[in-house]
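Written below as structure tokens is the structure these notes are about.
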Amino acid sequence: MNANLLEQLNESQRQAVEYCDGASLVIAGAGSGKTRVLTYKIAYLLHEKGLKPWNILALTFTNKAAREMKDRIARLLGELDGHDSDTARYLQMGTFHSIFARILRAEAQQLGFNSQFTIYDQADARSLVKSIIKEMALDDKVYKPSSVSDQISMAKNHLILPQAFGDSSLFDHRKPKVGDIYIRYSERCRQANAMDFDDLLVYTYRLFQEHEDIRRKYVEKFHYVLVDEYQDTNIVQQAIVLQLTRERQRVCVVGDDAQSIYSFRGANIDNILNFRDAYDNARLFKLEQNYRSTQLIVQAANSLIRKNERQIPKDVFSNNEHGEKLQLKPAYSDREEALIVCNDIQRIRRREKAEYSDFAILYRTNAQSRSFEEQMRKQNIPYRIYGGLSFYQRKEIKDVIAYFRLVANPNDEEALKRIINYPSRGIGDTTVNKIVNAATTYGVSLWTIISQPVLFRLDVSKGTATKLEAFRQQVEGWAGRMAGEDAYKLGHAIIMESGVSKDIYSSHNPEDISRQENLEEFLSGMQDFVESRREEGLEQQVSISDFLQEVALLTDLDSDGNDEGPKVSLMTVHSAKGLEFPTIFVVGLEENIFPSPMCTDSIRALEEERRLLYVAITRAEKHCILTCAQNRFRFGRMEYDTPSRFIRDIEPSLLQVESQTTSDDADYGTQRLPWTQQRSRYREDSNQQNAHPVASQFKADPMPRAVPRRTEEPAPSPFSESFKQQIVGARARQFKPVAQAKPVAQPPAAPSAQTQGELREGCTIEHQRFGIGSVVKIEGTGENTKATVNFRNAGTKQLLLKFARFKVIG
DNA sequence: CACGTCACTGTTTTT
DNA sequence: CAGTGACGTG
């Protein structure tokens with residue numbers, strides 16, 4: 001059976017699997033069976049070397065990769081006898097972030113956090129940076145929150161601590177305060193008992209660095225460490241791996257320098273290039289046989305990547321069928337590009353009896369998915385978009401999660417700010433600002449201020465103080481129930497009792513319906529989570545905080561499309577890493593898109609863009625089709641683009657330029673500039689009768705840069721007179737209230753004061769704007785009296801009686 | 001205090 | 001064309 005296991009591998013794969021005595025680096029060309037080596041190696045360690053599953057640490061980049069690998073190992077072990085299928089479950093396998101988050105929860109006290117700490121996502125991090133910039137009264141044109149946040153992230157990825165930022169290479173004299181923002185940011189996170197994504201790595205590093213006993217504990221635990229996608233690790237990740245493996249050197253990292261595409265996230269390609277400097281006697285294994293793609297695809301990809309300077313030399317080859325050339329299909333516009341792709345999908349699917357799931361469309365930026373979505377809906381092609389805003393980033397879901405977060409960790413500043421006045425409970429910006437001010441002056445969390453407003457001299461009116469106290473009690477009440485009620489039960493209660501449910505369910509406009517559906521889906525997802533956790537029997541009570549820990553590190557790629565039917569996949573090239581499809585479309589191959597204009601000024605960045613295209617092409621098994629568009633709708637305007645420079649990097653004899661209309665395929669080698677040819681042909685066509693069916697749609701359009709003409713006044717028509725009157729009439733009505741208000745010059749309170757006396761809960765009113773509705777609730781006194789009214793057509797609104805214009809009708 | 005309107009502005013990739 | 005912030009109105 002051992003023989004059995006190794007027999008399924010080629011020579012170099014087998015060598016890589018068998019070598020377990022020291023550090024090893026496996027350079028795995030695209031499609032060369034990298035995952036296969038990892039899974040077989042783990043199976044080998046368990047089965048042959050007698051390691052226990054909990055002694056193996058395997059780090060991946062996505063949850064999906066971890067899950068798939070676990071499944072494959074479970075299956076593999078099932079084939080070997082003597083192993084129960086449960087073994088794989090105990091492997092310490094997951095993303096860097098999820099594994100380290102677990103360690104940090106266990107050791108949180110050592111670092112001055114508690115184990116319920118929140119994980120701030122990118123939006124939280126930016127929002128916090130933004131408020132700090134505001135508080136420091138800095139110019140947010142110079143200190144743009146998102147770019148400052150990115151700089152802080154970059155600093156962390158390079159293990160530059162806040163105090164050291166000013167002296168680091170990241171310091172930019174044009175923005176001298178970034179270091180100060182970083183310092184305050186870190187303090188605020190700590191007060192909020194929160195860590196951002198990067199902190200999960202940095203604090204793990206510091207934990208091991210500053211607590212030798214703890215490091216030893218984990219070194220004892222992890223007898224063997226494996227790392228997937230090593231080319232995308234950053235400095236901290238590499239440092240932590242070294243902390244864990246320094247003594248034993250039982251470490252195996254797998255990756256491909258040609259697929260390093262995450263430097264914007266701090267990934268350091270030198271980690272893989274210099275791996276052998278970090279470990280003595282590290283052995284290098286190269287996997288060069290590609291099992292995924294046809295020969296021509298592999299050759300074309302090789303010809304492209306050869307243009308890069310920095311790389312580990314390797315010779316990726318394929319013994320699969322010869323296959324066909326890469327195809328380049330230029331389009332007139334982004335709309336035509338989508339049409340070409342969809343038609344190709346239909347054609348290939350029919351010709352080869354393929355499923356929709358055999359196709360993937362890969363683009364550089366998420367925004368490009370639009371035109372394809374439209375076209376696919378038109379042609380009834382089922383599709384699924386990965387990435388973009390995931391389910392958990394939708395407003396209604398984030399709101400609910402913010403409640404959960406606050407209940408689990410009341411110090412969570414970002415969660416608190418998000419929901420303290422949603423649904424509105426009369427705690428507005430003014431009050432929140434006062435709380436933030438007090439919190440920063442005293443160096444405590446916002447929650448501390450809310451809990452002891454008097455002690456911290458929070459200067460608010462009595463009414464506001466009451467509202468704050470009510471809010472505090474409500475949150476505290478939920479927190480108290482956390483131990484006794486499971487995540488679903490309490491979660492449901494929170495949604496009901498907080499008023500979120502009422503807010504979302506009160507109205508019937510179409511967009512609110514989808515919010516309701518999302519919320520229901522979310523709740524049922526939570527129920528599934530609780531049940532599956534219970535079935536696993538790992539814990540008796542599945543709490544809100546268990547749920548949060550899971551959710552915080554989940555991405556869209558993880559929510560597997562368990563729904564019906566095969567679908568075309570749409571995603572960015574980045575998220576396609578590690579995947580493969582029979583047919584791949586790489587779209588938008590234009591300057592200003594791919595390569596991205598942000599990357600064209602440095603060779604290093606440009607090489608990364610080239611690697612990105614290499615990744616895209618090597619996802620293809622059989623067909624790889626490249627497209628580009630001459631005109632593209634961007635920023636609400638038609639823009640002109642030239643073809644990507646990378647097209648010229650592909651060996652011309654391996655690329656076929658195809659025109660849509662005619663079947664005479666031109667060889668790219670004789671057409672150095674496909675564009676000019678294409679363009680002139682379309683121009684001619686537009687003057688001819690047999691115009692290009694799609695291009696002719698555009699011929700009526702003026703040139704993209706033409707100044708839009710002002711539309712003329714409509715010509716007089718038989719209807720114009722009455723039409724005019726309608727307008728005049730409408731205007732007159734519209735202006736009426738204003739005209740009235742001016743000469744009278746009365747305080748607006750006067751008219752409503754009359755109505756206030758008659759107003760009672762349950763009565764019906766007619767509002768000037770919202771129409772007829774019934775009064776649900778009246779609260780507050782004097783100037784602040786507020787009514788909650790359920791309008792027939794406008795949903796539920798809160799009206800401040802001081803301003804509201806309405807009359808009581810029943 | 002809450003909501004609607006309007007002008008502005010910025011665009012890469014993600015655990 | 002979004003998503004955001006400033007502003008006015010009820």
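Keep in mind it's a predicted model, so treat the numbers as computed, not measured. Chain letters run A, B, ... following the sequence lines, proteins first and then strands; every chain starts at 1.
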* Asked: What integer distance in Å separates A/Tyr230:OH from B/dT15:C1'?
  -> 17 Å
* **NZ or CZ of A/Lys577 within 45° of A/Phe61 ring axis and under 6.0 Å** => yes
* To do: Give the rounded distance in Å between these two atoms: CG of A/Asn157 and C1' of B/dT14.
  => 11 Å
* Asked: Are A/Arg206 and A/Tyr203 in a cation-pi contact, defined as NZ or CZ under 6.0 Å from the six-membered ring centre and within 45° of the axis?
  -> no
* To do: For A/Phe594 and B/dT13, give me the distance from atom CZ to atom P, rounded to whole Å.
  => 12 Å
* Asked: What is the distance from NZ of A/Lys64 to C1' of B/dT14, rounded to the nearest Å?
  -> 15 Å
* Using whole Å, report how far CZ of A/Arg126 lies from C1' of B/dT11. => 11 Å
* When all nucleic acid strands are considered with a 4.0 Å heavy-atom cut-off, which category describes A/Asp121: base, sugar-phosphate, or nothing? -> nothing
* **Spacing of A/Leu613 atom CG relative to B/dT13 atom C1', expressed in whole Å** => 14 Å
* Select base, sugar-phosphate, or nothing to describe what A/Arg611 touches, counting heavy atoms under 4.0 Å on all strands. => nothing
* Looking across every strand, which nucleic acid part, if any, lies under 4.0 Å from A/Asn421 by heavy atom: base, sugar-phosphate, or nothing? -> sugar-phosphate
* Structure fact -> Walking DNA chain B from its 5' end, the first of A/Thr572 and A/Lys144 to be reached, judged by nearest nucleotide, is A/Lys144
* **Out of B/dT15, B/dT12, B/dT14, whichever nucleotide has its closest atom nearest the side chain of A/Thr62** => B/dT15
* To do: Answer yes or no: does a side-chain N or O of A/Ser424 lie under 4.0 Å from OP1 or OP2 of B/dA2?
  => yes
* Asked: Distance only, no hydrogens: is a donor on one side chain within 3.5 Å (strictly under) of an acceptor on the other, for A/Thr233 and A/Gln238?
  -> no
* Asked: Is A/Arg611 paired with A/Glu608 through a side-chain N to carboxylate O contact shorter than 4.0 Å?
  -> yes
* Pick the C1' atom in C/dT4 and in B/dT13, then give their distance to the nearest Å. => 23 Å
* To do: Measure from NZ or CZ of A/Arg102 to the centre of the six-membered ring of A/Phe100, then state whether that distance is under 6.0 Å and the direction lies within 45° of the axis.
  => no
* Does the side chain of A/Asn366 get closer than 4.0 angstrom to OP1 or OP2 of B/dT14 through an N or O atom? -> yes
* Structure fact -> A/Asp150 atom CG is separated from B/dT13 atom P, nearest whole Å, by 12 Å
* Asked: According to the 5.5 Å centroid and 30° plane-angle thresholds, does A/Phe264 stack upon the nucleobase of B/dT14?
  -> no
* Identify whether any heavy atom of A/Ser98 sits under 4.0 Å from a base atom; if not, whether one sits that close to sugar-phosphate; answer base, sugar-phosphate or nothing. => nothing
* Given the rule in the side-chain contact (heavy atoms from CB on, under 4.5 Å) test, do A/Leu589 and A/Arg364 qualify, once you have shown the distances and angles that lead to the verdict? -> CA-CA 9 Å; A/Leu589 274 172; A/Arg364 177 67 237 269; over 6 Å; no
* Report which part of the nucleic acid A/Tyr262 touches: base, sugar-phosphate, or nothing (heavy-atom distance under 4.0 Å, all strands). => sugar-phosphate
* Asked: Between A/Leu201 and A/Lys141, who's closer to the 5' end of DNA chain B by nearest nucleotide?
  -> A/Lys141
* Counting side-chain heavy atoms from C-beta on, which of B/dT15, B/dT14, B/dT12 comes nearest to A/Thr365? -> B/dT12
* Asked: C/dA2 phosphate, OP1 or OP2: any side-chain N/O from A/Arg370 under 4.0 angstrom?
  -> yes
* Let me know the distance between CG of A/Leu612 and P of B/dT14, rounded to the nearest Å. => 10 Å
* Asked: Base, sugar-phosphate, or nothing for A/Phe197, non-hydrogen atoms under 4.0 angstrom?
  -> base
* Respond yes when some side-chain nitrogen or oxygen of A/Thr430 is under 4.0 Å from OP1 or OP2 of B/dC1, and no when none is. => yes
